[in-house]
Structures are given as C-alpha cells and as structure tokens.
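First the structure, in the form of structure tokens, and then the observations on it.
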Amino acid sequence: MTDSVKGALLTMFGGMCWGVSGCVGQYLFTRQGMDSTWLVPIRLFLAGVILCIYYGVRNWRQLVNPWRSWRNARDLVIYGLAGVSFCQFTYFLTIQLSSAGVGTILQDLSPVLILLVVCIQQRRGPRVFEIFSIVLALVGVFLITTHGSLTGLAVSPAALVSGIVSACCVAIYTMWPKKLQEQYPTPMLQGWAFLMGGIMFSLIFRPWQIDYVPTAMGAFGIFTVVVLGNVLAFSLYMSGVPLIGPQKASLYSFAEPVTAAIISTLVLGSSFTLWDALGFGCIFLMLVLLSLPAK
C-alpha cells in the first residue's frame with residue numbers, strides 16, 4: 001500500500017470516527033442532559049490517561065522526552081492546548097448549540113485558514129483557484145447558517161462563532177506539530193495534548209461541582225466519545241496528515257460531516273434541508289479545489 005493510499009484511508013476513517021463521536025455527543029446533550037463544560041474535561045482527561053499509560057508502559061523515557069527540550073515542550077503545549085483541547089471544546093459547544101452536522105461542517109473551514117497561513121508564509125497572494133475556493137467556503141457557510149435568508153440566521157451566532165474558532169484550532173493542530181511528529185509517535189503526542197486539556201478544562205469548569213450523574217447510556221456515550229472521538233479519530237487522522245499533507249487530509253476528512261449529517265438526520269431527527277445540502281456541496285468543492293496540485 002502506497003503512502004498516499006494509506007494516508008487517505010487513515011484520514012478518512014479518522015473523519016468517520018469524529019462524525020460518529022459528534023453524533024453521540026449530540027445524543028448526550030439532547031437526550032441525556034449533559035453539558036459540554038461537563039463532558040469535554042472528562043473525555044479529554046480519560047483519553048489522555050489511556051494513551052499516556054499505554055506509551056508509558058511501552059517506553060517511559062520516550063513518553064517524557066518531549067519535556068526535556070524547551071522548544072519541544074513549548075510546541076507541545078501550543079499544539080495540545082491552543083490546538084487539540086480548544087478544538088474539542090469549541091467543537092462540542094457548537095454541536096450543543098446546533099447539531100453534529102453543523103458543528104463538523106463549520107470545522108471543515110480549516111483548509112481556508114491553512115491556505116491563508118501558507119500564503120503569508122510564502123509571501124504571496126492566493127491564486128485564482130484558491131480565491132474561488134475561499135468564495136465557495138463563504139457561500140457554503142452562508143447557505144448552512146442562513147438557509148438563504150438575508151434577514152436571519154438558521155444557526156445561532158454563538159454556534160457560528162464557536163464553529164469558526166474550532167476551525168482555527170484545527171489549523172493549529174494540523175500545521176504546528178511537524179517537528180514533533182518527526183521525533184515522536186503521533187498518538188503519544190495526542191495523549192499529552194488530551195491530558196493537558198483535561199486538566200486545564202477541569203480547573204476552569206470544575207465538573208465535580210456540576211450536579212449531574214450520567215445514566216448507564218450516558219456512561220456508554222462517554223466511553224464511545226473517548227475511544228472513537230479522541231483515542232482513535234485523532235490518532236488515525238494525525239497519522240495520515242504527514243503522509244498526504246494537510247490540504248489533502250482535509251479533503252478525505254470530509255467523511256466526518258457526511259457521517260455526522262447522515263446519522264444526526266436519520267437517527268437523532270435533526271433537520272437537513274436543501275440549503276444544508278447546497279452548503280455541504282460548496283464546502284466539498286472548496287476542499288477538492290484546495291487538494292489539487294498547483295501548477
């Protein structure tokens with residue numbers, strides 16, 4: 001199997017795991033009465049403990065090595081907190097405020113942000129097809145969030161803002177850890193990122209003070225989002241990015257919003273209109289354009 005095929009499969013299956021996890025999160029918010037400020041710290045902390053214990057048992061020295069270099073430690077903190085952890089919180093907050101389909105599709109605006117960063121790094125303006133892809137992304141978001149109306153939003157402003165912030169965080173954790181990934185296994189870096197985020201959000205939101213006790217189905221849902229949405233999805237996706245690059249990875253990860261939209265519509269009863277379908281189509285075309293090799 002070639003690296004390109006392997007990278008495509010890894011990012012696609014990672015996206016599918018995120019899509020399922022997002023729908024489970026929507027179920028926990030709408031049917032089990034959970035709150036994102038309670039769920040996110042717990043899922044991050046549990047996923048971090050699982051991965052760090054796994055790599056600690058395999059090779060303790062390798063697990064702690066990133067902290068022995070100031071530059072690696074700095075990169076790991078930025079990657080783990082500003083990238084992975086805030087992405088998790090804003091992603092689930094968007095789902096809580098809207099739906100799994102909306103949360104995932106807004107997160108898929110990250111390629112446009114990656115493109116803008118690349119243009120700044122290369123000190124050039126966007127090419128014609130890149131400008132067209134940006135326009136497609138803006139049109140797609142407009143259709144999804146307004147359903148074609150110029151007078152009102154079909155999605156709350158808070159959901160729109162948190163979804164765009166989650167896309168910014170995706171751009172950070174996709175582009176930032178290149179040097180770290182050259183030295184250490186990606187799932188191990190994910191373990192530290194989850195653990196840091198779990199501790200940080202626990203101190204901020206203090207879930208132990210929230211008067212909530214999950215049911216058996218709620219506990220199973222937490223297990224699902226930890227294993228699928230954290231341990232498996234991030235490990236698969238971030239292992240595929242170095243093989244095919246961040247722009248192509250974002251194309252194959254479109255499996256995430258497609259999976260989330262199908263499950264949330266058919267199983268959870270979320271609405272999916274023609275405007276949503278047109279918006280999804282625009283953003284998918286944007287990803288296709290950005291994945292094409294530049295001449």
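Any value given below was found using the heavy atoms of this structure, including those in side chains, with hydrogens, waters and symmetry copies removed.
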Problem set entry | S69 side chain to P66 backbone, donor-acceptor under 3.5 Å | no
Exercise. Between N72 and W67, does any side-chain donor sit less than 3.5 Å from a side-chain acceptor?
Worked result: no
Exercise. When the ring centroid of F220 is compared with that of Y27, is the distance short of 6.0 Å?
Worked result: no
Exercise. Are the side chain of R31 and the backbone N or O of L268 linked by a donor-acceptor pair below 3.5 Å?
Worked result: yes
Exercise. Between the side chain of D276 and the main-chain N/O of T273, is any donor-acceptor distance below 3.5 Å?
Worked result: yes
Exercise. Is there a path from L39 to L203 through hydrophobic residues (I, L, V, M, F, W, Y) whose side chains come within less than 4.5 Å of each other?
Worked result: yes
Exercise. Are any side-chain N or O atoms of S85 and backbone N or O atoms of G80, one a donor and one an acceptor, separated by less than 3.5 Å?
Worked result: yes
Exercise. Just checking, is any N or O donor in the side chain of S99 or Q26 under 3.5 Å from an acceptor N or O on the other one?
Worked result: no
Exercise. Does F280 have its ring centroid less than 6.0 Å away from the ring centroid of F272?
Worked result: yes
For this session: Mark yes or no for whether T174, through its side chain, and A171, through its backbone, hold a donor-acceptor pair below 3.5 Å.
Result: no
Exercise. When the ring centroid of F45 is compared with that of F194, is the distance short of 6.0 Å?
Worked result: no
Problem set entry | Aromatic ring proximity, centroids under 6.0 angstrom, F201 and F86 | yes
Exercise. For V155 and L160, which heavy atoms make the closest approach, and how far apart are they?
Worked result: CG1-N, 4.2 Å
Problem set entry | More than 12 heavy atoms of other groups within 6.0 Å of W208 CH2 | yes
Problem set entry | Partner set under ring pair (Phe, Tyr, Trp, His ring centres under 6.0 Å) for Y79, not counting sequence neighbours | none
For this session: Carefully, step by step, assess V24 and I263 under the rule side-chain contact (heavy atoms from CB on, under 4.5 Å).
Result: CA-CA 9 Å; V24 174; I263 296 176; over 6 Å; no
For this session: Could you verify whether a donor N or O on one side chain and an acceptor N or O on the other, from S36 and Q96, lie under 3.5 Å apart?
Result: yes
For this session: Inspect the surroundings of CZ in R71 and state if more than 12 heavy atoms from other residues, nucleotides or ligands are less than 6.0 Å away.
Result: no
Problem set entry | Sidechain N-carboxylate O distance under 4.0 Å for R127, E130 | yes
Exercise. Do W18 and Y237 have ring centroids that are under 6.0 Å from one another?
Worked result: yes
Exercise. Ignoring hydrogens and geometry, is there a side-chain-to-backbone donor-acceptor pair from W192 to L63 under 3.5 Å?
Worked result: yes
Problem set entry | Check: E256/T104 side-chain N/O donor and acceptor closer than 3.5 Å | no
